[in-house]
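To start, the structure under review is shown below, and the notes come after it.
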Amino acid sequence: MNHNPENELILCCARREVDAIELRRLLQQEISWEYLFATAQAHGLLPLLHKHLSGTSVPSHFLSRLKRESVANSQNVLHLIAKQLRVYRLFKENNIPVALFKGPLLAQMAYGEISLRQAGDIDLLINRAHFAQARTLLESLGYEMSPRLTSPQLASHLNNHCELQFMRDEWFTVVDLHWDLAPRSFVFNLHAEEVMSRLQSVSLAGTTVETFGAEDLVLYLSMHGAKHLWRRLEWIASLAECLRAIPDLNWDLLVQRAEQAHATRMLALGLRLVEKFSDVHIPSHVLPGREMQQAADEVQDQLFNTFGAADSTETNLYNLRIMDRKRDALVSILRAIFVPTLPDWQALALPAPLHSLYYAFRPLRLSKVYTTSLWRRMRRDA
């Protein structure tokens with residue numbers, strides 16, 4: 001990892017409470033404020049950076065920029081919460097069990113304030129059996145499925161994937177409607193029905209809502225970070241601060257559920273990263289030996305050098321390391337190669353009777369994409 005003062009300052013601020021002495025020491029060094037802003041933004045940490053740098057001796061122009069971003073983010077968060085609670089109440093009134101997760105609620109649970117995560121989408125979890133009814137209710141509020149899918153495409157998507165976006169033009173509000181926690185191309189055997197059967201109630205903006213139970217939340221955050229190769233520091237920070245905020249976490253139950261989900265290595269990697277990037281204590285019996293230590297070291301080394309989503313090849317190779325069983329990684333690779341996804345349907349419009357041809361079209365499209373990408377990379381290197 002590049003240990004420049006800007007990266008160290010970001011690491012210092014990536015938590016609920018900052019070490020004031022360390023912060024003052026770092027601010028005495030020469031800082032590239034443009035790099036600091038861009039990197040903190042890429043890692044989802046601008047709100048925390050603003051919180052911890054307010055009142056310090058940073059240049060006024062930089063603090064003003066942070067404040068503008070923070071105010072805009074707070075406005076977006078309040079907008080999202082209003083829309084989120086409206087959808088939540090509508091689902092409840094129509095007897096659809098629903099859980100809120102990620103977003104402002106996670107910010108509140110991890111950092112104590114709803115605006116301390118960068119605003120994104122509205123994430124809702126339902127049981128798959130309620131998808132059609134939930135879709136009708138969202139459409140009654142002006143949301144539209146994005147993209148629009150034919151009946152065979154929607155059936156395939158519901159079988160093989162875990163979420164679908166619904167969008168409104170106003171403020172470009174996006175609802176991510178989830179009916180599972182991970183797509184079938186990423187083996188994770190903790191499913192929506194299990195999580196929905198053991199939700200906990202919390203308060204959000206004065207409204208009592210339901211969200212994941214403590215152990216399920218920690219396991220989900222570990223899986224989510226692993227699925228995306230832990231390329232954002234905020235994912236590590238929110239996991240660490242959630243662990244700090246749950247003093248009565250049942251560690252034995254957490255490990256048991258990770259074993260049942262075939263996700264012990266994902267959990268171990270998440271907890272190793274918490275050890276590296278925070279002062280949160282992980283019980284020794286939860287992480288025996290040095291499992292996933294090398295993977296955590298590699299995440300640390302590339303954290304400030306690699307940005308953006310990983311390509312499929314990189315993700316498939318990574319899955320071989322983080323999945324408990326090699327056969328799960330193999331299944332994930334095969335599904336990633338052959339099971340059609342939204343880009344396939346957008347690239348080629350086939351009539352419903354020919355939907356099965358997408359299973360042959362996808363590997364052909366992927367081979368063209370990778371060949372083009374490889375050729376461009378070779379020309380660039382040359």
Side-chain angles (χ1 to χ4, degrees), residues 72-73 75-106 114 117-186 192 196 204-205 207 209-211 224 227-228 309 339-358 361-362 365:
N73 184 69
Q75 291 173 337
N76 288 335
V77 166
L78 291 174
H79 167 81
L80 286 175
I81 288 178
K83 299 300 182 184
Q84 186 177 48
L85 291 180
R86 186 180 181 190
V87 173
Y88 180 85
R89 294 189 188 103
L90 184 61
F91 281 18
K92 283 292 191 179
E93 289 166 2
N94 286 271
N95 300 314
I96 298 179
V98 56
L100 305 183
F101 67 113
K102 297 199 296 186
L105 182 58
L106 179 57
I114 58 174
R117 297 184 80 234
Q118 290 177 195
D121 303 330
I122 296 171
D123 290 281
L124 306 171
L125 179 67
I126 62 170
N127 290 311
R128 180 182 161 183
H130 296 116
F131 177 84
Q133 185 184 5
R135 174 186 177 181
T136 299
L137 293 175
L138 285 172
E139 290 174 343
S140 74
L141 295 177
Y143 293 91
E144 293 184 358
M145 184 190 300
S146 179
R148 304 288 296 184
L149 300 178
T150 66
S151 294
Q153 290 170 352
L154 181 57
S156 174
H157 195 75
L158 289 170
N159 282 333
N160 293 293
H161 301 279
C162 63
E163 63 185 286
L164 193 57
Q165 289 189 340
F166 289 79
M167 185 178 296
R168 283 183 56 158
D169 289 336
E170 180 191 2
W171 284 47
F172 300 102
T173 306
V174 175
V175 171
D176 270 336
L177 187 62
H178 299 249
W179 54 91
D180 218 333
L181 302 180
R184 293 186 68 198
S185 59
F186 188 88
M196 297 289 285
L204 177 65
T207 299
V209 300
E210 290 185 302
T211 189
H224 179 265
K227 183 161 67 80
H228 296 288
V339 176
T341 62
L342 298 177
D344 303 308
W345 300 324
Q346 291 171 322
L348 178 65
L350 291 175
L354 299 180
H355 179 79
S356 60
L357 292 180
Y358 280 114
F361 171 70
R362 176 169 174 79
R365 187 185 71 82

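Keep in mind that what you see is a predicted model, and the values were worked out from it rather than measured. Just the heavy atoms: all of them, side chains too, but no hydrogens, waters or symmetry mates, feed the values below.
A205 pairs by the side chain to side chain contact (heavy atoms under 4.5 Å, CB included) definition with I81, L85, not counting sequence neighbours. Qualifying salt bridge (charged side-chain N to carboxylate O under 4.0 Å, His left out) partners for E144, counting only residues two or more places apart in sequence or in other chains: none. With sequence neighbours excluded, the residues that form a side-chain hydrogen bond (donor to acceptor under 3.5 Å, both in side chains) with D180 are H191. In this structure A119 satisfies the side chain to side chain contact (heavy atoms under 4.5 Å, CB included) test together with N73, N76, V77, L80, sequence neighbours excluded. For S146, there are no side-chain hydrogen bond (donor to acceptor under 3.5 Å, both in side chains) partners, not counting sequence neighbours. Looking at residues two or more places apart in sequence or on another chain, you find a side-chain hydrogen bond (donor to acceptor under 3.5 Å, both in side chains) between R184 and N160. Residues passing the side-chain hydrogen bond (donor to acceptor under 3.5 Å, both in side chains) test with Q133, sequence neighbours excluded: none. Partners of S356 by side chain to side chain contact (heavy atoms under 4.5 Å, CB included), not counting sequence neighbours: none found.
To the nearest 0.5 Å, atoms NE2 (H157) and CG (L149) are separated by 6.5 Å.
Aromatic ring pairs are classed by plane angle as parallel below 30°, tilted from 30° to 60° and perpendicular above 60°; the pair F361 and Y358 is perpendicular.
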Legend entry - Criterion side-chain contact (heavy atoms from CB on, under 4.5 Å) on Y143 and L137, from CA distance to verdict: CA-CA 9 Å; Y143 293 91; L137 293 175; over 6 Å; no

Enumerate donor-acceptor pairs with a distance under 3.5 Å from any side-chain N or O in residues 91-102 to protein atoms, sequence neighbours excluded.
from, atom 1, to, atom 2, distance (Å)
K92, NZ, E210, OE1, 2.7
N94, ND2, L90, O, 2.9

Expected list for residues 120-132: side-chain donor-acceptor pairs under 3.5 angstrom, two or more places apart:
from, atom 1, to, atom 2, distance (Å)
D123, OD1, H178, NE2, 2.9
R128, NH1, N159, OD1, 3.0
R128, NH2, N159, OD1, 2.7

Report all side-chain donor-acceptor pairs from residues 339-355 shorter than 3.5 Å, counting only partners two or more places apart or in another chain.
from, atom 1, to, atom 2, distance (Å)
T341, OG1, D344, OD2, 3.2
T341, OG1, R362, NH1, 3.1
D344, OD1, R365, NE, 2.5
D344, OD1, R365, NH2, 3.1
D344, OD2, T341, N, 2.7
D344, OD2, R362, NH1, 2.9

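A salt bridge (Lys or Arg N to Asp or Glu O under 4.0 Å) check over residues 153-165, counting only residues at least two apart or in different chains, returns nothing.
Within the 4.5 Å cutoff, the side chain of Q84 has heavy atoms near those of the L204 side chain. Contact of the M145 side chain with the L154 side chain is registered, since non-hydrogen atoms from C-beta on lie closer than 4.5 Å.
The shortest non-hydrogen separation linking V174 to M167 is CG2-CE, 3.6 Å. For L158 against W179, the heavy-atom pair with the smallest separation is O-NE1, 3.1 Å.
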